[in-house]
Enquirer: 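Quick one: the structure is below, and I'll ask about it shortly.
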Amino acid sequence: MSIAASASIIIVFLIFIFLLKEAIPFISNPGLNELFSSNWIPVSFQKEQFGIYPLISGSVLVTVIATVLLIPFGVIAAVYISEIALGFEKEILKPFIEILAGIPSVVIGFFGLVVLSPIIKGLFNLNTGLTALTGAVLLALMAIPTVITISEDAIRSVPKSYKEASLALGASRLQTIFRITVPAALPGIIAAIMLGMGRVIGETMVVLMVTGNAAKISWNPFDSVRTMTATIAAEMGEVAIGSTHYSALFWVGIILMIITFGLNIVAQKVLKKYQMR
Amino acid sequence: MKKSISENSVFWAVRFITYSIVAIIGYIIFDIVIKGLPTINLEFITGFPRSSGSEGGILPAIVGTVYLVFGAILVSLPLGMASAIYLSEYAKQGRFTRMIRLAIVTLAGVPSIVFGLFGLGLFVIFLGFGASIISGSFTLAFMILPTIIVSSEEALQAVPKSNREGSLALGATEWQTIYKNVLPYALPGMFTGSILGVGRAAGETAPILLTVAAFFLPRLPSSIFDQVMALPYHLYILATQHPEAEKVLPLQYGTALVLLILVLIFNLAAIFLRSYFRKKYKW
Amino acid sequence: MVNFNDSKITVENLNFYYGKVQALFDINMKISEKKVTALIGPSGCGKSTFLRMFNRMNDIIDGTHHTGSVLIDNRDIYKDGIDIVALRKKVGMVFQKSNPFPKSVFDNAAYGPRIHGVKDKANLYEIVEKSLKDAAIWNEVKDRLDENAMGLSGGQQQRLCIARALAVEPEILLMDEPASALDPKSTARIEDLIGTLKQKYTIIIVTHNMQQASRVSDYTAFFYEGKLIEYDYTDKIFRNPEIKQTEDYITGRFG
């Protein structure tokens, strides 16, 4: 049993080892410095360049927009489901949200490609509907079940006595929700948002299909961008194993892993601290 | 009374936002069902693709996905359940347990494309399995392992302490107690959670992109070292890489619908099973 | 039974149901202004349910309903169009388990005034100070108003909750076994406090501690299985009850 249980530890180690194993050749040639620049031109007749800044900026832009959408919608829906919805509404809403969590990302991406991106193109009068915004909208949608489920748990575990005391003081339900319940559940809600962000930044297929994949630094939501995940997915199929480009893609993976690892650890810390109380 | 009017309008706004999320989900499903349904017929489900996927059916992709999912279950279910039993029944608070939990949380957060890189490095290249069912299944299995462990452990924790104490007090060993008096009650919950994980594996694209999926392979695999087509990857290819993406739109919708149905079956089964067992075993 | 002309609250033919289960049976009762009325009886007799009728806290439980009426200052508080928020402002409540919010001492006491629209800092401080003084806790917390209320002792927390209720300036104060979770010393302080508070407030207190009822209250009502069995001056109830069940209960000869 304990051997089986240690499988998780072993797998995590294996992931780090094999990412590093394939990434290491890059250190001696062309050197790690090459990663820290702003041009990602992996295939070129003159000089190949592997600067990951545009990829990071792409991921950050998409994640930030998605989070901005995610926070109000996710938290409001969680508040509605746990505090306002009637019994039978809850019974319907919760499984429905879970179903959303089950729709494969490639299906969401496909929907984004054929339905959402023409809408965005027309709405904002753009040359292409394949933009950071398009990806972010879909990613927010994909991460919303995570945010709702965990926030709702946090809201539901606020002691009933707080709510009763507030109501007994003549506070309305609305005042009670926003002054007592939500603040008391805040750590859990923050953790939920961070875990949602982890999903957003790690998601591949949606961004690969709808963000246009232009590897340039841009902070404009209406520009095409290319994220770290999409870069790996799009280019890994075409590189020669062991080449510099191949190693560079593994570095992208390592950086991605570190970012999501950090987000997760902090979110878990917040959650744990919250449960202790 | 003025206050309660504005309170009511806030409640309606909140309700509106919640239901607009529901409406969007509903619309996505509706769009794919309506446009995918006309494509689906016996030939589409049981036929082989022709002219690099522009015509014909998607049987190899369906079979490929089923094989991959089945392989992932074979690997992850025993491993995940054993881990959960250890964590729930045997583990003492300590460094080893903390490390396992940290590892599970970490695994749960690893982006799927990174799992793909890892599978490529370990199974495809290092172990020499090549792009194959076995490489893909193992990669998917590792990806869904945390889901299975966490939900199995929850199911075990839900079995009341008295079940264990009663048995132990009669002189049963720890393993006898678990085997006879804990596992039978926890199994439904363990399976339910696992189904959710498996549903996720069926829909994943990024990991199989690098470890198994074939672009166009109009035959069925003959061994676990063969490459296969898979539904999610097939949809991705048709939608983005096909030279006449517009023309094959019906095929895209058809593939999306079949994939959606497959995954929804898993999810609905899990949701129904859970509420069924919750009602049946109330302790 | 007692009857007053100056009653603050009048309960008429009150029946109350949790779903199909009836919890209160045809209760008629008048409660006197600026006096302490104790509700006693074994657990499950309906005294807490009855108490929660006065500020409509039972409304937040799904599937409950009632017949009959509850009048405060001659107005039926269950009539359509009654502003529940205004009602709860007028009828404060202190719960069995002290339940301060996880906020500072000051923010706890200021919560009520704030939600009712007091914004001015100085004004707010004045209200907080006054209610903390009235709740006899000011001297213990005046130097730690910014500290989290969760750090106070159980007895202090409960007095803070009383102060929080007073800060809304209610006319009636409902207390649901306010001292049952406290040590004897803290209990004594709460009881003293009730003695002072009745000069300004109409107090209804639920307790299962007979001594407490006899010490703090002017009137006592004995409930059993959802019915009001006997209601009279506290002295009368404890010295010379008219009904056998009451006597059995207060002398401890009860099931």
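A, B, ... follow the sequence lines: proteins, then strands. Residue 1 opens every chain. In this text, all values refer to a predicted model and were calculated from it rather than measured experimentally.
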Enquirer: Sort A:L208 into side chain, backbone, both or neither according to what part of it lies under 4.5 angstrom from a heavy atom of chain B.
Expert: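 The answer is the side chain of A:L208.
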
Enquirer: In terms of heavy-atom pairs under 4.5 Å, which option from B:L235, B:L79, B:L209 contacts chain A the most?
Expert: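 Top option by heavy-atom pairs under 4.5 Å: B:L235.
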
Enquirer: For B:E204 and B:Y233, test the side chains for any donor-to-acceptor distance below 3.5 angstrom and give the result as yes or no.
Expert: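 The criterion, which ignores hydrogens and geometry beyond distance, is not satisfied for B:Y233 and B:E204.
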
Enquirer: Under 4.5 Å heavy-atom distance to chain B, tell me which part of A:V252 shows up: side chain, backbone, both or neither.
Expert: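 It is neither, since no heavy atom gets under 4.5 Å.
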
Enquirer: Rounded at 0.5 Å granularity, tell me how far CD1 in B:I148 sits from CG in B:L77.
Expert: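 So the CD1 of B:I148 and the CG of B:L77 are separated by 5.5 Å.
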
Enquirer: Answer with side chain, backbone, both or neither: which region of A:I92 has an atom nearer than 4.5 Å to a non-hydrogen atom of chain B?
Expert: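 Neither the backbone nor the side chain of A:I92 comes within 4.5 Å of chain B.
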
Enquirer: Just verifying a value: how many Å separate A:I99 CD1 and B:I25 CD1, rounded to the nearest 0.5 Å?
Expert: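 If I round to the nearest 0.5 Å, the distance is 8.5 Å.
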
Enquirer: So which part of B:L210 gets closer than 4.5 Å to some heavy atom of chain A, the side chain, the backbone, both or neither?
Expert: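 When you check distances to chain A, only side chain atoms of B:L210 fall under 4.5 Å.
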
Enquirer: Under a 4.5 Å heavy-atom cut-off, does chain A meet the side chain of B:Y90, its backbone, both or neither?
Expert: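 For B:Y90, side-chain heavy atoms alone lie under 4.5 Å from chain A.
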
Enquirer: Examine whether an atom of A:I15 lies under 4.5 Å from a heavy atom of chain B, and if so say whether it belongs to the side chain, the backbone or both; otherwise answer neither.
Expert: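 Both the backbone and the side chain of A:I15 come within 4.5 Å of chain B.
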
Enquirer: Testing the 3.5 Å rule here: is there a donor-acceptor pair between the side chains of A:T176 and A:S166?
Expert: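 There is such a pair between these side chains.
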
Enquirer: So which part of A:F111 gets closer than 4.5 Å to some heavy atom of chain B, the side chain, the backbone, both or neither?
Expert: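 Side chain of A:F111 only, per the 4.5 Å heavy-atom cut-off to chain B.
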
Enquirer: Keeping the roles fixed (side chain from A:S8, backbone from B:I100), state whether a donor-acceptor pair exists under 3.5 Å.
Expert: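 No: the side chain of A:S8 does not pair with the backbone of B:I100.
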
Enquirer: For A:F110, is it the side chain, the backbone, both, or neither that has a heavy atom closer than 4.5 Å to a heavy atom of chain B?
Expert: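 Side chain only.
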
Enquirer: For A:Y80, is it the side chain, the backbone, both or neither that has a heavy atom under 4.5 Å from a heavy atom of chain B?
Expert: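 For A:Y80, heavy atoms of backbone and side chain both lie under 4.5 Å from chain B.
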
Enquirer: Identify which part of A:L141 has an atom lying under 4.5 Å from any heavy atom of chain B, answering side chain, backbone, both or neither.
Expert: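 Contact with chain B involves the side chain of A:L141 alone.
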
Enquirer: Answer with side chain, backbone, both or neither: which region of B:Y253 has an atom nearer than 4.5 Å to a non-hydrogen atom of chain A?
Expert: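 Interface part for B:Y253: both.
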
Enquirer: Under 4.5 Å heavy-atom distance to chain A, tell me which part of B:L122 shows up: side chain, backbone, both or neither.
Expert: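 Both parts, heavy atoms under 4.5 Å.
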
Enquirer: Counting heavy-atom pairs closer than 4.5 Å to chain B, which one of A:F73, A:F250, A:F261 comes out on top?
Expert: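 Among A:F73, A:F250, A:F261, the one with the most close pairs to chain B is A:F250.
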
Enquirer: Report which part of B:L145 has an atom under 4.5 Å of a heavy atom belonging to chain A: side chain, backbone, both, or neither.
Expert: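 Just its side chain gets close to chain A.
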
Enquirer: Tell me, for A:I9 versus chain B, whether the close heavy atoms (under 4.5 Å) come from the side chain, the backbone, both or neither.
Expert: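 Contact with chain B is through both the backbone and side chain of A:I9.
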
Enquirer: Quick one, A:L249 and A:H245 - any side-chain contact, counting heavy atoms below 4.5 Å?
Expert: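 Yes. Closest side-chain heavy atoms under 4.5 Å.
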
Enquirer: Tell me which of these, B:V110, B:V105, B:L87, has more heavy-atom pairs under 4.5 Å with chain A than the rest.
Expert: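 Among the listed options, the one with the most contacts to chain A is B:V105.
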
Enquirer: For A:I259, is it the side chain, the backbone, both, or neither that has a heavy atom closer than 4.5 Å to a heavy atom of chain B?
Expert: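 For A:I259, neither part sits under 4.5 Å from chain B.
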
Enquirer: Under 4.5 Å from any heavy atom of chain B, what part of A:I17 do you find: side chain, backbone, both or neither?
Expert: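 When you check distances to chain B, no heavy atom of A:I17 falls under 4.5 Å.
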
Enquirer: Sequence neighbours excluded, which residues qualify as side chain to side chain donor-acceptor pair (under 3.5 Å) partners of B:T240?
Expert: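 Counting only residues at least two positions away or on another chain, B:T240 forms no side chain to side chain donor-acceptor pair (under 3.5 Å).
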
Enquirer: Is it true that the side chains of B:E7 and A:S172 contain a donor and an acceptor less than 3.5 Å apart?
Expert: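 Yes.
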
Enquirer: As an exercise, state the distance from CD of B:E153 to CE of B:M81, rounded to the nearest 0.5 Å.
Expert: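 Between B:E153 CD and B:M81 CE, I get 13.5 Å after rounding to 0.5 Å.
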
Enquirer: Out of B:I29, B:L120, B:I32, return the one with the most heavy atom pairs under 4.5 angstrom to chain A.
Expert: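 Looking at each of B:I29, B:L120, B:I32 in turn, B:L120 comes out on top.
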
Enquirer: Let's test your reading of the structure: which of B:T255, B:L249, B:I149, B:T205 forms the most heavy-atom pairs below 4.5 Å with chain A?
Expert: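 Option with the greatest count: B:T205.
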
Enquirer: By a 4.5 Å heavy-atom criterion (distance strictly below it), what part of A:I241 contacts chain B: side chain, backbone, both, or neither?
Expert: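 Contact with chain B is through the side chain of A:I241 alone.
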
Enquirer: At a 4.5 Å cut-off on heavy atoms, which part of A:I177 comes close to chain B: side chain, backbone, both, or neither?
Expert: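 Looking at A:I177, just its side chain touches chain B.
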
Enquirer: Can you tell me if OH on B:Y179 sees more than 12 non-hydrogen neighbours from other groups inside 6.0 Å?
Expert: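 No, because the 6.0 Å sphere around OH of B:Y179 holds 12 heavy atoms or fewer from other groups.
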
Enquirer: So which of A:K21, A:E89, A:R199 has the biggest tally of heavy-atom pairs under 4.5 Å with chain B?
Expert: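 Highest number of pairs under 4.5 Å: A:E89.
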
Enquirer: Counting only non-hydrogen atoms closer than 4.5 Å, does B:L257 touch chain A with its backbone (N, CA, C, O), its side chain (CB onward), both, or neither?
Expert: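 For B:L257, no heavy atom lies under 4.5 Å from chain A.
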
Enquirer: Strictly less than 4.5 Å between heavy atoms, which residues of residues 258-265 of chain B line up against chain A? Please order them by number.
Expert: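 Within residues 258-265 of chain B, the residues that come under 4.5 Å of chain A (heavy atoms only) are B:L259, B:L260, B:V263, B:L264.
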
Enquirer: Take B:F126 and A:F18, measure what ring pair (Phe, Tyr, Trp, His ring centres under 6.0 Å) needs, and give me the verdict at the end.
Expert: CA-CA 9 Å; B:F126 184 72; A:F18 277 90; 5.1 Å; yes

Enquirer: Examine whether an atom of A:R173 lies under 4.5 Å from a heavy atom of chain B, and if so say whether it belongs to the side chain, the backbone or both; otherwise answer neither.
Expert: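 Interface part for A:R173: both.
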
Enquirer: What residue, out of A:E98, A:M228, A:E203, A:M257, has the most heavy-atom pairs lying under 4.5 Å from chain B?
Expert: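 Looking at each of A:E98, A:M228, A:E203, A:M257 in turn, A:E98 comes out on top.
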
